[in-house]
Amino acid sequence: MFSRINILTTRPLASSTRLTTRAFSTSLTRFARAKDPTIPNSSIKVFREIPALRQWRKQQLLDHRNVGLVPTMGALHAGHLSLIRMAAKTNSSVVVSIYVNPTQFGINEDLDSYPKTWDRDTQMLAELDRELADEGGNLGKIAAVFAPTTGAMYPSGPPGQEVASKGSFVTITPVGEVLEGASRPTFFRGVATVCMKLFNIVQPDNVYFGQKDIQQTVLIRQMVKDFCMGINVEIGETIREADGLAMSSRNVYLGERRRKVAMVLRNALRVAEGSYNLGGRSRDEILGPANELARLLSFEQLHLSPEERVRFEVDYISLADPETMMEVDVVDESKGAILSGAVKMLPVEDPQEGEDLGLAGGPAVRLIDNIILKPVKV
Ligand SMILES: Nc1ncnc2c1ncn2[C@@H]1O[C@H](COP(=O)(O)OP(=O)(O)OP(=O)(O)O)[C@@H](O)[C@H]1O
Ligand SMILES: CC(C)(CO)[C@@H](O)C(=O)[O-]
Ligand code: BAL
């Protein structure tokens with residue numbers, strides 16, 4: 001069980017990763033020292049501490065400007081940008097948070113090597129903000145980036161990353177315990193806790209999350225409902241690479257060899273969707289062909305030589321209720337269902353001289369994806 005949750009092992013960091021992390025903290029520290037810092041060539045404010053952000057938020061309220069929040073962990077890509085665009089359609093001021101939240105990473109996960117690309121992120125935000133201004137159409141602007149220190153986010157010190165750690169946590173069960181939560185036992189506790197903090201700090205009218213992390217969207221909706229938070233939760237579609245792979249900050253870990261096989265999960269989910277579209281409603285009818293495809297692809301790879309092949313493990317392929325993420329045996333046509341999956345791309349065997357092993361230098365990479373099976377209209 002434990003080996004299944006090691007999305008990345010504790011290998012020493014590749015030197016490029018160490019450098020990236022150091023460069024990230026140096027450029028962020030510069031922002032912390034400046035008075036009223038903004039992103040270069042833009043009017044986007046950068047907040048690192050809570051009081052200044054609160055003061056700014058109060059002014060938005062007085063100016064009748066509504067606020068949308070897009071929470072991220074940085075290493076921005078087109079998936080994040082599409083959420084920001086979505087937010088700019090209905091909010092005068094968009095806040096993007098960039099914070100790699102330690103409490104959602106398990107002890108053997110990739111907290112230390114998580115890609116940090118502050119300069120590139122801020123450049124992307126400045127460019128997008130200019131595009132939004134040029135497009136007209138009364139779009140809102142990217143008003144601020146909230147890139148808090150861990151001291152600000154965890155004033156009593158961050159609770160440990162272990163399952164048994166004590167501290168002030170938000171837990172949303174049972175949705176946080178299944179699927180991703182079963183494989184990453186501290187993940188959703190960390191996500192719910194940090195999102196509760198972000199929502200309390202920014203006090204957004206609307207928040208934006210990506211469908212790529214579908215269980216996270218169900219959990220956040222549940223949290224907002226159960227804690228009577230009065231925030232509107234919007235979900236943006238999954239943005240994909242040209243071949244259909246869901247964009248993810250962690251894709252940089254794959255390297256060339258594993259990237260070529262990374263579509264296995266998407267392909268398996270599409271086969272399952274095909275069965276549903278052809279009238280299949282039972283678990284076996286829908287998931288059977290998906291599991292079979294994954295098994296065949298794995299078999300095909302295992303018959304290649306070690307210097308060519310890619311090994312992967314399917315963690316789960318799930319057919320679940322769209323409101324609870326609990327597994328279903330038969331799809332209720334009036335509700336539809338969520339097909340989702342996670343695959344662990346194992347470290348490459350027999351790496352070749354000069355082979356691209358990805359940003360972190362080769363450990364296993366966890367990929368997730370999903371498809372929403374729509375309700376059938378009667
Ligand atoms: N391909 C995508 N399309 C749409 N939204 C996305 C996509 N990838 C991530 N998001 C959303 O962006 C928000 C921030 O996610 P995050 O910063 O963790 O990026 P990520 O690419 O999901 O990284 P990771 O590799 O850690 O999963 C989340 O709401 C997430 O669902
Ligand atoms: C929502 C989130 C920013 C919380 O750290 C993270 O889980 C993510 O990026 O999806
Ligand atoms: N996008 C989800 C964040 C995580 O996997 O840690």
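Starting from 1, each residue takes its place in the sequence as its number. Here the structure is a predicted model, which means the values were calculated and not measured. Every number for a ligand or one of its atoms is a count from 1 in the order of the listing.
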Which of I44, I98, V96, I39 passes side chain to side chain contact (heavy atoms under 4.5 Å, CB included) with T122? It is I39
Strictly under 4.0 Å, does any heavy atom of A78 approach an atom of ligand 1? no
Residue and atom name of the nearest protein heavy atom (relative to atom 5 (N) of ligand 1), distance in Å to one decimal: G210 CA, 3.5 Å
Lys/Arg-Asp/Glu bridge criterion (N-O < 4.0 Å) met for E131, R85: yes
What distance do Y114 atom OH and N101 atom CG have between them, rounded to the nearest 0.5 Å? 11.0 Å
Atom 9 (O) of ligand 2: the protein heavy-atom neighbour that sits closest, reported with distance to 0.1 Å: M73 CG, 3.4 Å
shortest atom 4 (C) of ligand 3-to-protein heavy-atom contact is with R250 NH1, 3.3 Å
Strictly under 4.0 Å, does any heavy atom of E109 approach an atom of ligand 3? no
Atom 20 (P) of ligand 1: nearest protein contact (heavy atom, Å): K212 NZ, 3.4 Å
Would you say E180 touches ligand 3, if touching means a heavy atom closer than 4.0 Å? no
Specify the protein heavy atom at minimum distance from atom 19 (O) of ligand 1: its residue, its atom name, and the distance to 0.1 Å. H80 NE2, 3.0 Å
Going by the atom numbers of ligand 1, which of them fall below 4.0 Å from some non-hydrogen atom of E237? 3 (N), 4 (C)
Rounded to the nearest 0.5 Å, the CG atom of L319 sits from the CG atom of L339 at a distance of 5.5 Å
Does the pair K89 and L139 meet the rule for a side-chain contact (heavy atoms from CB on, under 4.5 Å), with working shown? CA-CA 5 Å; K89 287 196 177 123; L139 292 172; 3.9 Å; yes
Cut-off 3.5 Å, side chains only: do E327 and S318 have a donor facing an acceptor? yes
Is there a donor-acceptor contact under 3.5 Å linking the side chains of T149 and Y99? no
Out of all atoms in ligand 1, which are within 4.0 Å of some heavy atom of F209? Include the element for each. 29 (O)
Nearest neighbour of atom 3 (N) of ligand 1 from the list N251, I239, D369, on a heavy-atom basis: I239
Please name the residue in the list E307, E256, R257 that meets the side chain to side chain contact (heavy atoms under 4.5 Å, CB included) test with E355. R257
Nearest to atom 4 (C) of ligand 2, what protein heavy atom do you find, and at what distance? Q104 OE1, 3.4 Å
Does R189 reach the main-chain N or O of Q104 with its side chain, forming a donor-acceptor pair under 3.5 Å? no
Among protein heavy atoms, which sits nearest to atom 25 (O) of ligand 1, and what does the distance come to when rounded to 0.1 Å? S248 OG, 2.6 Å
Under-4.0 Å heavy-atom contact with ligand 3, by part of R184 that carries it: side chain
Top protein contact for atom 30 (C) of ligand 1, by heavy-atom distance: D213 OD2, 3.1 Å
Below 4.0 Å from ligand 1: does a non-hydrogen atom of H77 turn up there or not? yes
Any luck finding a side-chain donor-acceptor pair between K344 and S183 under 3.5 Å? no
Look at atom CD of E237 and say whether more than 12 heavy atoms of other residues, nucleotides or ligands are closer to it than 6.0 Å. no
Taking it one step at a time, do F312 and L346 satisfy side-chain contact (heavy atoms from CB on, under 4.5 Å)? CA-CA 5 Å; F312 60 85; L346 299 177; 5.5 Å; no
Near T72, which atoms of ligand 2 are under 4.0 Å from a heavy atom of that residue? 3 (C)
If you take the nearest heavy atom of each of Y99, Y114, Y208, which one is closest to atom 18 (O) of ligand 1? Y114
Closest approach of any protein heavy atom to atom 1 (N) of ligand 3, naming residue and atom: D213 OD1, 3.1 Å
Which of the numbered atoms in ligand 1 are under 4.0 angstrom from any heavy atom belonging to S249? 19 (O), 20 (P), 21 (O), 23 (O), 25 (O)
Atoms of ligand 2 under 4.0 Å from any heavy atom of V194, numbered from 1 in the order shown, are 4 (C), 5 (O)
Could you list the atoms of ligand 2 found under 4.0 angstrom from a heavy atom of P71? 3 (C)
Numbering the atoms of ligand 1 from 1, which are under 4.0 Å from a heavy atom of P71? 13 (C), 14 (C)
Near Q104 (heavy-atom distance under 4.0 Å), the atoms of ligand 3 are 3 (C), 4 (C), 6 (O)
Minimum heavy-atom distance between R65 and S93, given as atom pair plus value: NE-OG, 3.3 Å
For M247, the atoms of ligand 1 under 4.0 Å from one of its heavy atoms are 1 (N), 2 (C), 7 (C), 8 (N)
Looking at ligand 1, does R240 have a heavy atom less than 4.0 Å from it? no
Specify the protein heavy atom at minimum distance from atom 11 (C) of ligand 1: its residue, its atom name, and the distance to 0.1 Å. L83 CD1, 3.7 Å
Check ligand 3 against M73 and write out every atom of the ligand that is under 4.0 Å from a heavy-atom position of the residue. 3 (C), 4 (C), 6 (O)
For atom 7 (O) of ligand 2, what's the nearest protein heavy atom and its distance? Q216 OE1, 2.8 Å
Atoms of ligand 2 under 4.0 Å from any heavy atom of V191, numbered from 1 in the order shown, are 7 (O)
So, R221 side chain and V233 main chain: donor-acceptor pair closer than 3.5 Å or not? yes
Which atoms from ligand 2 have a heavy atom of F209 less than 4.0 Å away? 1 (C)
Side-chain donor-acceptor pair present, S340, Y316, cut-off under 3.5 Å: no
Measure from NZ or CZ of K197 to the centre of the six-membered ring of Y154 and say whether it is under 6.0 Å with the direction within 45° of the ring axis. yes
Take R54 and R57, measure what side-chain contact (heavy atoms from CB on, under 4.5 Å) needs, and give me the verdict at the end. CA-CA 5 Å; R54 279 203 203 286; R57 178 63 181 97; 5.5 Å; no
Is F105 close enough to touch ligand 3? Criterion: a residue heavy atom under 4.0 Å from a ligand atom. no
Before you tell me yes or no, could you show the steps for S249 and H80 under side-chain contact (heavy atoms from CB on, under 4.5 Å), namely the whole-Å CA-CA distance, both residues' side-chain angles and the distance that decides it to 0.1 Å? CA-CA 10 Å; S249 308; H80 300 113; 3.7 Å; yes
Over 60° means perpendicular and under 30° means parallel, so classify the ring planes of W56 and F47, tilted if in between. tilted
Go through ligand 1 atom by atom and flag the ones less than 4.0 Å from a non-hydrogen atom of T72. 14 (C), 17 (O)
